[in-house]
Amino acid sequence: MIKTSYYQDLTKMNTFGMKVKARCFMEYDSVADLVDIEFEELARPVLHIGGGSNLLFTDDFKGTVLHSRIDFIEILEDCQQISSPVLVSVGAGVVFDDFCAWAAKEGLWGVENLSYIPGEVGASAVQNIGAYGVEVKDVIHTVYCYDTVEEEFVKFDVSECGYGYRDSIFKSPEIKGRYIVTHVVFALSRVPMPKLEYGHLKDAVESSGNELTPSNIRNVIIRIRKEKLPEPSVMGSAGSFFKNPVISQEHFARIEAAAKAEHGADYKVPHYDLPDGTVKVPAAWMIEQCGWKGRRSGGAAVYEKQPLVIVNYTGEAYPEEIIGLEKRVTSSVKEKFGVDLHPEVEHI
Ligand code: EPU
């Protein structure tokens, strides 16, 4: 079934809580419905949203917003041999964390570190969501889509999706909006494969005293996320507002020398050396060093526990206030570190 409404309030459909409307809003609940939609005739532009957890609406939306309610989780292949992957097909409209909860309950490994990330399965495959040392591409097997240009169903093997850090071919300017994800097949595992190398995750899991199961790791991850990140139902945000920048080793050496001069010779700048010789530096650290942690600007604020997140502090923030704060943070980081921050959140 396709449900269409006009001048639809989107406040509850974007986790930032921007009070905007869409000229046309269409929600469909089956793959077959997509064939019935006359894409050529939709009010333009067309935007397909998931949980609206990675978007900043900067104004009312003049075109059509589409939303999938394709909602199933189905085991395709499970030959019960411990070493074989368990292929699970999941509808694009399933809340990603509902899938993580289901996998944990089934005792399947692969998505436990991605627990409690807001958003839906379709968007997870577009954005290549990631947390605690795992990216969703690590467990994606195939992405099934509807091609709105050729009006046919197509599938992409994970190797064809062009996955990078929070990136995929589905985000590339040439084909953005062309393919609508209908469902994703994940390859999960019955073989224990805990990934605990990120930060203090291992300590946190060990100190919980529980055995290593997807369910117990999921609980630890949820606890960490709740401690650090704002609960979308309590305070609007879109999770990380910025990507973590990647810089050259020379540039990092200059930043490190300046930090040591400022904080003392023993000071350690958090960073991750990447295989290609470049260095990823947490944007959170740079923003904090610029003094933004917890600072408010009108209805917007830099979140006090994780400065990578910009929040709708009052619940009444205008898009302009969020964007104003974004610009001020970006220019301070540029001035102090010579680093360009790029938003992770998509501005609509
Ligand atoms: N840090 C600070 N000050 C702070 C917080 C963090 O200096 O107040 C530094 C610390 O050195 C810390 C480092 O930043 O070790 C990294 O912090 P964290 O582990 O919280 O991760 P992040 O790099 O800031 C990324 C993702 C998050 C994901 C976490 C955990 C991006 C843009 N963000 O954040 O994803 O949950 O790792 O894996 O890559 C999201 O995408 O919406 C999101 C929340």
Side-chain angles (χ1 to χ4, degrees), residues 7-23 25 45 47-63 65 67 116-120 123 126-127 129-131 165-167 171 176 225-226 228-245 282-337 339-348:
Y7 300 99
Q8 165 80 46
D9 178 16
L10 296 177
T11 312
K12 292 210 158 57
M13 289 175 230
N14 72 100
T15 57
F16 239 130
M18 294 294 110
K19 296 183 173 148
V20 293
K21 289 190 167 64
R23 182 172 159 202
F25 179 75
L47 171 74
H48 201 297
I49 61 168
S53 55
N54 202 44
L55 303 175
L56 175 61
F57 282 107
T58 56
D59 205 344
D60 284 338
F61 192 72
K62 313 269 179 307
V65 173
H67 182 238
Y116 218 58
I117 296 181
E120 294 171 3
V126 172
Q127 169 73 354
I129 60 169
Y165 171 53
R166 299 292 196 273
D167 201 15
K171 290 178 79 175
K176 196 167 186 297
R225 287 188 75 95
K226 282 189 171 175
K228 282 191 172 180
L229 296 165
E231 197 77 48
S233 57
V234 177
M235 194 183 285
S237 85
S240 301
F241 196 94
F242 300 100
K243 291 185 185 178
N244 285 325
W285 177 78
M286 291 196 252
I287 298 168
E288 182 173 357
Q289 293 298 305
C290 290
W292 282 105
K293 192 168 176 168
R295 265 172 72 183
R296 274 185 68 180
S297 171
V302 173
Y303 192 53
E304 57 190 355
K305 296 181 195 154
Q306 167 50 293
L308 191 57
V309 179
I310 292 182
V311 290
N312 179 352
Y313 190 81
T314 56
E316 303 287 330
Y318 291 105
E320 294 77 12
E321 292 176 299
I322 307 278
I323 294 167
L325 185 54
E326 170 190 7
K327 286 196 177 132
R328 291 168 69 198
V329 168
T330 309
S331 61
S332 310
V333 167
K334 178 77 176 173
E335 198 177 311
K336 186 168 170 78
F337 297 106
V339 170
D340 290 307
L341 285 187
H342 296 289
E344 194 214 20
V345 169
E346 191 179 354
H347 294 52
I348 307 291

Run the numbers on Ile322 and Met18 for side-chain contact (heavy atoms from CB on, under 4.5 Å), then give the verdict.
CA-CA 10 Å; Ile322 307 278; Met18 294 294 110; 3.9 Å; yes

Could you list the residues that satisfy salt bridge (charged side-chain N to carboxylate O under 4.0 Å, His left out) with Lys226, not counting sequence neighbours?
none

Are any of the side-chain heavy atoms of Phe242 and Val333 separated by less than 4.5 Å?
no

Taking side chain as C-beta onward, heavy atoms only, is Ile49 less than 4.5 Å from Met13?
yes

Donor-acceptor contact present, side-chain Glu321 to main-chain Gly298, <3.5 Å:
no

The complete set of salt bridge (charged side-chain N to carboxylate O under 4.0 Å, His left out) pairs with one or both residues in residues 307-320, sequence neighbours excluded, reads Lys19-Glu316

Taking only residues two or more places apart in sequence, or in another chain, which ones meet Thr11 in a side chain to side chain donor-acceptor pair (under 3.5 Å)?
Asp9

Contacts of type side chain to side chain donor-acceptor pair (under 3.5 Å), residue Ser240, not counting sequence neighbours
none

Got a sec, which pairs hit side chain to side chain donor-acceptor pair (under 3.5 Å) with one end in residues 293-312, sequence neighbours left out?
Ser297-Arg328

For the atom pair CG (Leu308) and CG (Leu341), what is the distance rounded to the nearest 0.5 Å?
8.5 Å

Just verifying a value: how many Å separate Ser331 OG and Glu326 CD, rounded to the nearest 0.5 Å?
10.5 Å

For Thr15 and Ala238, work out which heavy atoms get closest and say how close.
OG1-CA, 3.9 Å

For His342, ring-ring contact (aromatic ring centres under 6.0 Å, His included) partners two or more places apart:
none

With His67, which residues qualify under ring-ring contact (aromatic ring centres under 6.0 Å, His included), at least two apart?
none

Under 3.5 Å, side-chain donor or acceptor atoms of residues 53-60 against the rest of the protein: list the pairs with distances, not counting sequence neighbours.
| from | atom 1 | to | atom 2 | distance (Å) |
| --- | --- | --- | --- | --- |
| Ser53 | OG | Pro118 | O | 3.4 |
| Asn54 | ND2 | Glu344 | O | 3.3 |
| Thr58 | OG1 | Ile348 | O | 2.5 |
| Asp60 | OD1 | Lys21 | N | 2.8 |

I'd like to check the side chain to side chain contact (heavy atoms under 4.5 Å, CB included) partners of Lys336; sequence neighbours left out, ordered by chain and number.
Glu262, Gln289, Cys290

Residues at least two apart in sequence or cross-chain that pass side chain to side chain contact (heavy atoms under 4.5 Å, CB included) with Pro282, listed by chain then number, are Asn244, Pro270, Tyr272, Trp285

Residue from Arg166, Lys171, Lys243, Lys176 passing salt bridge (charged side-chain N to carboxylate O under 4.0 Å, His left out) with Glu346
Lys176

Please step through side-chain contact (heavy atoms from CB on, under 4.5 Å) for the pair Ile117 and Arg225, ending with a clear verdict.
CA-CA 9 Å; Ile117 296 181; Arg225 287 188 75 95; 3.6 Å; yes

Would you list the atom pairs, donor with acceptor, under 3.5 Å between side chains in residues 229-237 and any protein atom, with sequence neighbours excluded?
| from | atom 1 | to | atom 2 | distance (Å) |
| --- | --- | --- | --- | --- |
| Glu231 | OE1 | Tyr116 | OH | 3.4 |
| Glu231 | OE2 | Tyr116 | OH | 2.4 |
| Ser237 | OG | Gly239 | N | 3.2 |

